[in-house]
Amino acid sequence: MAETSIKNVTRAELSEAIYHEIGFSSSESAHLLDQVLEEISKALEKGETVKLSFFGTFSVRQKKMRVGRNPKTGVEVPIMPRRILSFRPSQMLKKRVNSEK
């Protein structure tokens, strides 16, 4: 089996990419990235769906209360209702990830 390396993309790397691609200053690039991420976060906090064309859709779903089980002891434990964030990649992103350009 081929070993794959895991790499995290950081906020600093995204800001640097904006700096190189668009030509904003480093501080302007960082500010732009912060503004975009803040707007996405605000929309999701309100329960709105965020669709980024050619990338994917972020949405918030409500999960109902359910009964779970502690795997060690087998004791039933209530799992309280909560909101979860889900991401659905676009078809174009799926193709790029699978190298079907």
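The analysis underlying the following values was restricted to heavy atoms, covering all of them including side chains, and did not include hydrogens, waters or symmetry mates.
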> Other than Met80, what residues sit in its cluster of Ile, Leu, Val, Met, Phe, Trp and Tyr side chains whose heavy atoms are under 4.5 Å apart, directly or through others?
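Besides Met80, the hydrophobic cluster comprises Met65, listed by chain and residue number.
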
> Which value, rounded to the nearest 0.5 Å, describes the distance between Asn70 atom CG and Glu76 atom CD?
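Separation between the atoms: 11.5 Å.
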
> Restricting to non-hydrogen atoms, name the atom on Arg82 and the atom on Gln62 that form the minimum distance, rounded to 0.1 Å.
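Here Arg82 and Gln62 meet closest at O-NE2, 3.5 Å.
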
> Can you confirm whether more than 12 heavy atoms, excluding those of Arg83, are under 6.0 Å from its CZ atom?
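Yes, enclosed.
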
> Please check this pair: side chain of Asn8 against backbone of Thr10, looking for a donor-acceptor N/O pair closer than 3.5 Å.
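Here the side-chain-to-backbone pair does not exist.
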
> Measuring from Glu16:CD to Leu14:CG, what's the distance to the nearest 0.5 Å?
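Answer rounded to 0.5 Å: 10.5 Å.
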
> Could you tell me which non-hydrogen atom of Val60 sits nearest to which non-hydrogen atom of Leu44, and how far apart they are?
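Where Val60 meets Leu44 most closely, the heavy atoms are CG2-O, 3.3 Å.
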
> With a 4.5 Å cut-off on side-chain heavy atoms, are Pro89 and Lys94 touching?
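Yes, at least one pair of side-chain atoms sits under 4.5 Å.
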
> With rounding to the nearest 0.5 angstrom, report the CG to CD distance, Leu85 to Glu45.
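Spacing of CG (Leu85) from CD (Glu45) equals 11.0 Å.
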
> Can you tell me how far the NZ atom of Lys46 sits from the OG atom of Ser41, to the nearest 0.5 Å?
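The distance works out to 11.5 Å.
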
> Which pair of non-hydrogen atoms, one from Tyr19 and one from Phe24, has the smallest distance, and what is that distance?
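Smallest interatomic distance, heavy atoms only, reads CD1-O, 2.8 Å.
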
> Taking the hydrophobic residues Ile, Leu, Val, Met, Phe, Trp and Tyr, and joining any pair whose side-chain heavy atoms are under 4.5 Å apart, which ones share a cluster with Met92?
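Joined to Met92, directly or through intermediates: Phe54.
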
> Verify side chain to side chain contact (heavy atoms under 4.5 Å, CB included) between Thr57 and Thr49, making sure each step is shown before the conclusion.
CA-CA 7 Å; Thr57 304; Thr49 297; 3.2 Å; yes

> Rounded to the nearest 0.5 Å, how far apart are OG of Ser90 and NZ of Lys51?
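Result: 9.0 Å between the selected atoms.
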
> Between the main-chain N or O of Ile18 and the side-chain N or O of Glu21, is there a donor-acceptor pair closer than 3.5 Å?
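Looks like no, no N/O pair under 3.5 Å.
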
> How far does OG of Ser27 sit from CG of Asp34, to the nearest 0.5 angstrom?
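So the gap between those two atoms works out to 11.0 Å.
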
> Mind checking salt bridge (Lys or Arg N to Asp or Glu O under 4.0 Å) for Lys7 and listing every partner two or more places apart, or none if nothing turns up?
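Only Glu13 meet the salt bridge (Lys or Arg N to Asp or Glu O under 4.0 Å) criterion with Lys7.
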
> Side-chain contact, heavy-atom cut-off 4.5 Å: Leu37 with Arg11?
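They are in side-chain contact.
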
> Restricting to non-hydrogen atoms, name the atom on Ser15 and the atom on Leu33 that form the minimum distance, rounded to 0.1 Å.
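That closest heavy-atom pairing would be N-CD2, 3.7 Å.
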
> What about Ile79 and Ile84, same hydrophobic cluster or not, with Ile/Leu/Val/Met/Phe/Trp/Tyr joined at side-chain heavy-atom distances under 4.5 Å?
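Unlinked, Ile79 and Ile84 end up in two clusters.
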
> Could you pull out the closest heavy-atom pair between Gly74 and Arg69, with the gap in Å?
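Taking every non-hydrogen atom into account, O-CG, 3.3 Å.
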
